[in-house]
Amino acid sequence: MANNTFFNDDWLALQRSYWDNWTAMSRKAMGVEGAAPLTAPWENALEQWWKALAPAAPEASKVFMERMLDQGKTLFQMAESFATPTGGTANPLALWTSALEDLQARFSGAATDQNSAAQRMLSFWEMPLDNWQRMMSSLSPLPGDALRNMPHDQLQDHLKRALAAPGLGYTREEQGQYQELMRCTLAYQTALQEYSGFYNQLGMKSLQRLGSHFQSLSDDKPIESARALYDQWITCCEAVYAEEVATPEYAKIHGHLINAQMALKKRMSVMVDEQLGALNMPTRSELRTVQDRLQDTRRDNKQLQQRLHLLEKQLATLLGDAAPNPALALTTAVPAAAKALPRRKSPQPD
Amino acid sequence: MISINIRPDQLAQEMLDYSRKLGQSMENLLNAESIDEGVSPKQVVYQEDKLKLYRYDTPAGATPSATPLLIVYALVNRPYMTDIQEDRSTIKGLLATGQDVYLIDWGYPDQADRAITLDDYINGYIDRCVEHLREELNVEKVNLLGICQGGAFSLMYTALHPEKVNNLVTMVTPVDFKTPDNLLSAWVQHVDIDLAVDTMGNIPGELLNWSFLTLKPYSLMGQKYVNMVDVLDDPKKVKNFLRMEKWIFDSPDQAGETFRQFIKDFYQHNGFINGGVWLGGREVDLHHITCPVLNIYALQDHLVPPDASKALQGLVSSTDYTELAFPGGHIGIYVSGKAQKEVTPAIGKWLNQRA
């Protein structure tokens with residue numbers, strides 16, 4: 001590959017060096033306990049490369065390239081977990097069991113080292129959740145994940161008790177609105193955590209399916225590439241996902257999430273409207289009333305135009321004219337009516 | 001038990017190959033020219049609010065059919081999917097069979113369009129487009145080709161105005177919205193549509209995109225991008241890919257009142273099957289459809305499962321009813337090479353036989 005702006009030999013050399021070191025360290029690790037943990041320098045190289053190029057990339061390409069980079073990382077992170085340090089055929093059951101235990105610990109929150117491949121792989125199962133958060137961020141003044149890691153359980157109980165107290169005094173109505181906003185916020189947080197929990201469970205089931213898949217295949221066709229492993233993994237993930245999201249339980253979780261988000265947004269809109277009203281500015285609710293009335297008027301207007309046009313055609317037929325040109329008929333409708341107006345008016349007394 | 005034999009040197013080589021292709025992809029992406037929306041020449045022949053009615057130019061030397069073919073696309077996504085690139089164009093294929101092709105482009109509704117209803121779309125916009133063609137071309141009837149949600153719109157229109165439709169073609173059109181394999185339908189059963197529309201006004205395209213992507217999240221949000229690394233190191237394929245990528249995420253917002261009725265009447269109450277869909281004071285009854293019907297569905301369609309489309313057969317009164325099963329997916333039915341060879345010529349032939 002020739003040197004160019006986007007891709008150069010330094011970057012390749014860095015990666016090559018990483019892989020040489022990785023191989024050497026893996027061999028060493030076979031005999032030396034406590035070998036230094038690896039922190040995926042090829043990922044860092046990739047990120048550095050992208051940081052240097054990203055400012056020059058068009059927006060559409062940028063988003064796309066970032067997705068390719070992210071998936072590239074996932075692909076090789078997974079392969080790293082299953083690669084055999086010394087070469088030769090590994091016992092996939094042992095590797096898989098080890099990976100499963102590791103991921104299990106992470107799903108439950110027991111393991112926390114952020115640099116491991118397993119920890120980074122967790123984000124893969126959360127793609128739909130991540131997509132929801134990104135989407136909601138684009139539609140809301142709050143970040144999509146604002147409530148995700150907020151402590152709940154005990155805090156929620158305290159808050160619910162506090163929110164149950166009636167508002168007092170002159171501002172009791174306003175207090176009530178803020179209490180309602182907090183209730184909606186808590187409900188959304190609960191729905192989001194329920195949704196997030198579903199994906200944690202999905203991750204575990206996908207791993208179990210992958211294990212079953214390994215066991216169902218014959219041993220004369222070993223998986224020899226990261227890509228083959230990744231593709232089989234995706235197949236297992238999609239199969240488990242398809243089963244789980246077709247259940248009535250998931251439909252409820254999905255519905256709760258959207259309904260809770262909408263209830264929260266609606267409550268925010270009500271409060272924004274209150275503020276706009278206090279400033280003597282048009283509110284969203286007033287604007288919608290105007291939109292409804294305007295659409296009613298436009299609908300009536302279009303129907304009247306159509307009826308007028310039909311009448312013109314019927315009149316032309318009665319007068320024995322050829323079929324009128326519709327384009328002309330529509331444009332001549334206004335002058336014809338204008339001419340008729342004074343004649344109708346003239347017999348009437350002022 | 002299958003063995004895994006990924007040696008570090010193999011993995012290193014694979015990683016280097018991936019990196020190399022990634023670099024080349026980036027270069028090809030940066031060198032890609034701007035992306036057009038549709039490739040066949042066309043003219044605006046009627047315009048109303050944000051709607052544009054296009055007529056596609058007849059190929060030189062060809063005499064178009066006397067009966068115009070009006071394509072009614074979905075409100076979801078943009079209609080240039082039907083004309084996405086030179087060698088993948090349903091429009092081009094239809095023109096080649098002698099059809100006089102018209103297409104409704106709904107545009108991008110904004111908050112001012114929030115109160116547009118399903119009745120406004122069916123008995124308003126579509127009917128005025130049909131009226132325009134009837135008068136302009138001095139014909140009694142038009143041929144309709146409805147795509148996906150546009151197919152449902154075409155069914156409603158034909159049921160309410162059977163005297164204006166000569167032949168009806170539906171492509172990947174949902175009719176039975178509650179087949180067991182319809183995930184979108186299952187998911188929407190517990191969604192409070194009134195709350196969503198009252199809150200948002202219009203329903204954002206991003207929300208619909210999220211729903212579509214979560215049908216197959218690991219393939220559509222993950223694997224697809226790994227596969228692309230293999231494709232995008234070829235500069236010729238980059239532009240085609242970008243066109244498709246642009247289309248996928250080019251999702252107009254949905255006019256709130258239309259969305260409210262469409263989801264409640266069809267996805268929640270299965271209105272074509274159970275009845276109860278009222279537009280402009282009249283109930284939509286598919287039994288009123290008596291014209292010839294060509295119903296095309298895709299066997300691997302994950303958005304509109306085949307059974308959802310096939311339900312049409314028992315609901316219309318047409319004695320001339322034909323089905324065409326395409327071995328592909330919801331998008332492949334327009335853009336795959338196989339579709340260009342099989343689906344579009346079949347539509348043209350079917351229409352010409354009933355001209």
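Naming: A, B, ... by sequence-line order, numbering from 1 per chain. In what follows, every heavy atom counts, from backbone to side chain, and hydrogens, waters and symmetry copies are set aside.
Counting only heavy atoms from C-beta outward, the side chains of Asp70(A) and Tyr225(B) never approach each other to under 4.5 Å. Counting only heavy atoms from C-beta outward, the side chains of Leu232(B) and Met68(A) approach each other to under 4.5 Å. Using a 4.5 Å heavy-atom threshold, the side chains of Arg299(A) and Thr117(B) count as touching. Put simply, the side chain of Gln295(A) does not reach to within 4.5 Å of the side chain of Glu257(B), judged on heavy atoms. Using a 4.5 Å heavy-atom cutoff, the side chains of His309(A) and Glu135(B) are in contact.
Contact of Ala186(B) with chain A is made through the backbone alone, with heavy-atom distances under 4.5 Å. With a 4.5 Å cut-off on non-hydrogen atoms, Arg298(A) touches chain B through its side chain but not through its backbone. Neither the backbone nor the side chain of Asp181(B) comes within contact range of chain A, judged by heavy atoms closer than 4.5 Å. For Asp198(B), the parts lying near chain A are the backbone and the side chain together; criterion is any non-hydrogen pair under 4.5 Å. Of the two parts of Asp192(B), the backbone and the side chain both hold a non-hydrogen atom closer than 4.5 Å to a non-hydrogen atom of chain A. Residue contact with chain A, scored on non-hydrogen atoms closer than 4.5 Å, is absent for Val238(B).
With sequence neighbours excluded, no residue satisfies side-chain hydrogen bond (donor to acceptor under 3.5 Å, both in side chains) with Glu14(B).
Taking every heavy atom of both residues into account, Ala263(A) and Leu195(B) meet most closely at N-CD2, 3.9 Å. The shortest heavy-atom contact between Leu69(A) and Leu22(B) is CD2-CD2, 3.3 Å. Summarising the geometry of Met200(B) relative to Arg288(A), their closest heavy-atom pair is C-NH2, 3.4 Å, with the distance given to 0.1 Å.
If you take CE on Met268(A) and OG1 on Thr199(B), they are separated by 11.5 Å, rounding to the nearest 0.5 Å. Atom-to-atom distance recorded for Leu310(A):CG and Glu131(B):CD is 8.5 Å, nearest 0.5 angstrom. Atom CD1 of residue Ile116(B) and atom CD of residue Gln291(A) lie 10.5 Å apart, to the nearest 0.5 angstrom. Between the CD atom in Gln13(B) and the OG atom in Ser225(A) there is a gap of 12.5 Å [rounded to 0.5 Å]. For the atom pair CH2 (Trp187(B)) and CD1 (Ile258(A)), the distance works out to 9.5 Å, reported to the nearest 0.5 Å. Here Gln111(B) contributes atom CD and Arg284(A) contributes atom CZ; the two are 6.0 Å apart, rounded to the nearest 0.5 Å.
Phe249(B) carries Arg67(A) over the face of its six-membered ring, with the cationic atom under 6.0 Å from the centre and within 45° of the normal.
Most heavy-atom pairs under 4.5 Å with chain B, from the set Gln306(A), Lys302(A), Lys266(A), Lys252(A): that is Lys302(A). Chain B forms more heavy-atom pairs under 4.5 Å with one residue of Asn259(A), Asp296(A), Val290(A) than with any other, namely Asn259(A).
Centroid-to-centroid, the aromatic rings of Trp210(B) and His254(A) come within less than 6.0 Å.
Ion pairing between Asp292(A) and Arg114(B) holds under the 4.0 Å rule for side-chain N and carboxylate O.
The salt bridge (Lys or Arg N to Asp or Glu O under 4.0 Å) analysis of residues 227-246 of chain A, with sequence neighbours excluded, yields the pairs Lys205(A)-Glu244(A), Arg209(A)-Glu243(A), Arg227(A)-Asp231(A), Arg227(A)-Asp230(B).
Remark: the backbone N or O of Thr214(B) is paired with a side-chain donor or acceptor of Tyr241(A) at under 3.5 angstrom.
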